[in-house]
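Below: one structure, written as structure tokens.
All values derive from a computational prediction rather than experimental measurement. Reckoned from all heavy atoms, side chains included, excluding hydrogens, waters and symmetry mates. In what follows, chains are A, B, ... by sequence order, proteins preceding strands, each numbered from 1.
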Protein chains: 4
Amino acid sequence: MQESAELQPTDQREEKRRRILRAAIDEFARKGYFSARMADVAKSAAVADGTLYLYFEGKEHLLVSVFDDVLSRAIDRARTEIAGVASPLERLRIVVRLHLETLAADRSLAHVIQIETRHSRRFMNLITRGRLGEYLELLRSLIAEGQEAGEIRRDVSPGFATNVVFGAVDEIVNSWLLADDPGDLTRFHAPLMDFLSAGMVEHRS
Amino acid sequence: MQESAELQPTDQREEKRRRILRAAIDEFARKGYFSARMADVAKSAAVADGTLYLYFEGKEHLLVSVFDDVLSRAIDRARTEIAGVASPLERLRIVVRLHLETLAADRSLAHVIQIETRHSRRFMNLITRGRLGEYLELLRSLIAEGQEAGEIRRDVSPGFATNVVFGAVDEIVNSWLLADDPGDLTRFHAPLMDFLSAGMVEHRS
Amino acid sequence: MQESAELQPTDQREEKRRRILRAAIDEFARKGYFSARMADVAKSAAVADGTLYLYFEGKEHLLVSVFDDVLSRAIDRARTEIAGVASPLERLRIVVRLHLETLAADRSLAHVIQIETRHSRRFMNLITRGRLGEYLELLRSLIAEGQEAGEIRRDVSPGFATNVVFGAVDEIVNSWLLADDPGDLTRFHAPLMDFLSAGMVEHRS
Amino acid sequence: MQESAELQPTDQREEKRRRILRAAIDEFARKGYFSARMADVAKSAAVADGTLYLYFEGKEHLLVSVFDDVLSRAIDRARTEIAGVASPLERLRIVVRLHLETLAADRSLAHVIQIETRHSRRFMNLITRGRLGEYLELLRSLIAEGQEAGEIRRDVSPGFATNVVFGAVDEIVNSWLLADDPGDLTRFHAPLMDFLSAGMVEHRS
DNA sequence: AATGAATGAGTATTCATTCAT
DNA sequence: CATGAATGAATACTCATTCAT
């Protein structure tokens, strides 16, 4: 039952990588991406300044990595959790729940994801063409399936609907993030899905 | 009927202020807020570097001013246009239309408003507590009125509904802004309002 | 006899430029090009760090400028002094004398010219294709003229002879520069020209 | 007649030392001393970074070693080749020929010797007081012997004459090194020795 | 002896802002 | 009011060297 002699160093490397990522989240959240210094991140991760560059190409890559890392895990988890669920609408509900839960559980991370990550068109293009694009595509495919299954109205394009859904979720998170007394983010899940599903207009009968 | 000797210089002053603001929008859109240099803005506005500081307190204030200036006008215009309209839902529809039209007409401005203006929590707090707060409050009041008038379902808080509406609009604009072939932003107005109003779920007739 | 209102600022600018150049020579000579910090140069020139960049493009440009500046003056002076001299060999003698006198008068400058300026092939190419090339071309033309005038043997190419002459002068300067007790550099002028002219072999009377 | 068990490892050690030296020459020539990284040298020598420090004290020592190594061999070879030659002038001619041949055969080495090795006064002092001093002393002694033998004019100091000779050779090499189409360096040997010996002035038959 | 991951000192350059003219 | 030359603080990144394995 011995550990592979090769695995140990890899584990250590991975552990250090995660420590640096965590430090980056904390520092970027605390001081903002631009104000946070690489030296701060290094200190917070308890490594030397130069070590950061053995794991990440530079400051910007560190921010991209935070983003991609989180989204990769989120997407994986989402795919796992919706695996056995038949209804596309239900699947969408699950994905949004995971979205909210992930950010609810880590306010610093939420800050970095919601704000620091959107500081320039170039950077937004970068992430949109990366993992974020993948996530949006997941949403889009669920909506398209919902239309095929007759659960979702067919008279809007899936891309458009995705924007509305993502925009609504995103703003809920933003609002929670900026609130003085935010409370639990996940409490918005049900009303949000209900609102999006049923629409905001008063239905007769 | 001579012009007041005082008004003339004031007009000139206002004209120069607007020139600087326009230059800031163009430069911030072209290079991004952080990459754009004050010297760039000055050159684009055809004034000396130091002159910028006679009109604005600094670079950040320039960005705030761009934002507040646009929102002030938008809010004024919105209030004017909804003045004679009775239905709160219809009023909301008008405000959203103005929102889209304003940004559709000026892509550089849209870029600055959607992206450059959101680069840090501190800055987002700044604008949220300023003109943006006022705009959101306008949306909220329309929704509350709609609830009182029985046009909008009462089982969601107006603040929450505001977030959903604003988030959806915001994301539609973002998506348009980042698209390779964006087309006309205002074409999303009708589907968007319809989607938000009726909900995305397929209704049995 | 009033000063042109335009000249004054230009004079001030030129004066500051020269102060920075002088500071660069002193600092590069004292600490070497690589060890000298731009902050050292700025301090020595009594200007702010950033001011250096209003006058020179960067550290390397500062070094190039020291070199080009000196050689420009040397070439100008050489051309003036040989203007009324008919014999090409005598002209060559004058140019070499100026060469030695210029460096003899400023040991720090000599250090920068002889050593700091030769630190890499890239840099040597840079200066060889600049003012140094111009200087070498001057030497070459004098030698070619000497050949035409029958003063200098015709069986060597002017370029080759230039290399020998320049190499000899250069090494004399180098040797003087590295000597513990250097004495006056110009004392080598007569023997050097004599040696090059007559050759080192014992001539049978 | 077995190899000493001690000699074998020593041979291997020497072989690795030479491999590192070769790698240093190549890398310093390719990128320049300052731009070349120790990691580059290590990679080129196919050893680990740390191994360099088991053979050389540091980067600077590596450069010194390249220089000293070459000069040691050159001096040894020169002494051997002039051993049976009587005429000091002829001996000098042989030494200069070896000088040119050595550098002609290895352009990268020539680059390092001629350029990288002269980047600072400190470094020039270092090598001048080392093997280069020994080489110059060899030249000087040959010239002094030439004077005693009546082959070389007595009215210049041997040190001075050494500078002129070395300077001329050095510049010929430099010129060859920087030339776009250099050709064979050794073709300059005869004209050079002739020029130095007979002088450049046209002699009346 | 050999390795190579980790270290951390060191600095050129930018640019928002000021203020003498 | 306007100018624009001057200021100087602030920081990501490199790479020679070390040392635990």
What stems, by residue range, does DNA chain E take part in, given at least 3 consecutive Watson-Crick or G-U pairs under 3.5 Å?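 Stem segments, range with range: E:2-21 with F:2-21.
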Taking the side chain from D/E27 and the backbone from D/V41, do they hold a donor-acceptor pair closer than 3.5 Å? no
Could you tell me the separation between the [atom1] atom of [X] and the [atom2] atom of [N], rounded to a whole number of Å?
X	N	atom1	atom2	answer
C/I20	F/dA6	CD1	C1'	11 Å
C/D40	E/dA12	CG	C1'	12 Å
B/L52	F/dA2	CG	P	11 Å
C/L54	E/dT14	CG	C1'	11 Å
D/H61	F/dT17	NE2	C1'	16 Å
B/K43	F/dA2	NZ	C1'	19 Å
B/E27	E/dA16	CD	P	12 Å
A/E15	E/dA5	CD	P	17 Å

Distances under 3.5 Å between nitrogen or oxygen atoms of protein and nucleotides 12-14 of chain F:
| residue | atom | partner | partner atom | Å |
| --- | --- | --- | --- | --- |
| F/dA12 | OP1 | A/K59 | NZ | 3.4 |
| F/dA12 | OP2 | A/M38 | N | 2.9 |
| F/dC13 | OP2 | A/Y53 | OH | 3.1 |
| F/dC13 | OP2 | A/K59 | N | 3.1 |

Nearest-0.5 Å distance that lies between atom [atom1] in [X] and atom [atom2] in [Y]:
X	Y	atom1	atom2	result
C/F67	C/F123	CZ	CZ	8.0 Å
C/S65	C/E60	OG	CD	10.5 Å
D/L132	D/R118	CG	CZ	7.5 Å
D/L126	D/H61	CG	NE2	9.5 Å

Taking only Lys NZ, Arg NE, NH1 and NH2, and the carboxylate oxygens of Asp or Glu, determine whether [X] and [Y] approach each other closer than 4.0 Å.
X	Y	value
D/D11	D/K16	no
C/D40	C/R37	yes
C/D26	C/R22	yes

Minimum heavy-atom separation for D/F56 and D/R17, please, with both atom names.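 Of all heavy-atom pairs spanning D/F56 and D/R17, the closest is CE2-NH1, 3.5 Å.
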Counting only side-chain N and O atoms of [X], is one of them less than 4.0 Å from OP1 or OP2 of [N]?
X	N	value
C/Y55	F/dA6	yes
C/K16	F/dA6	yes
C/T51	F/dT7	yes

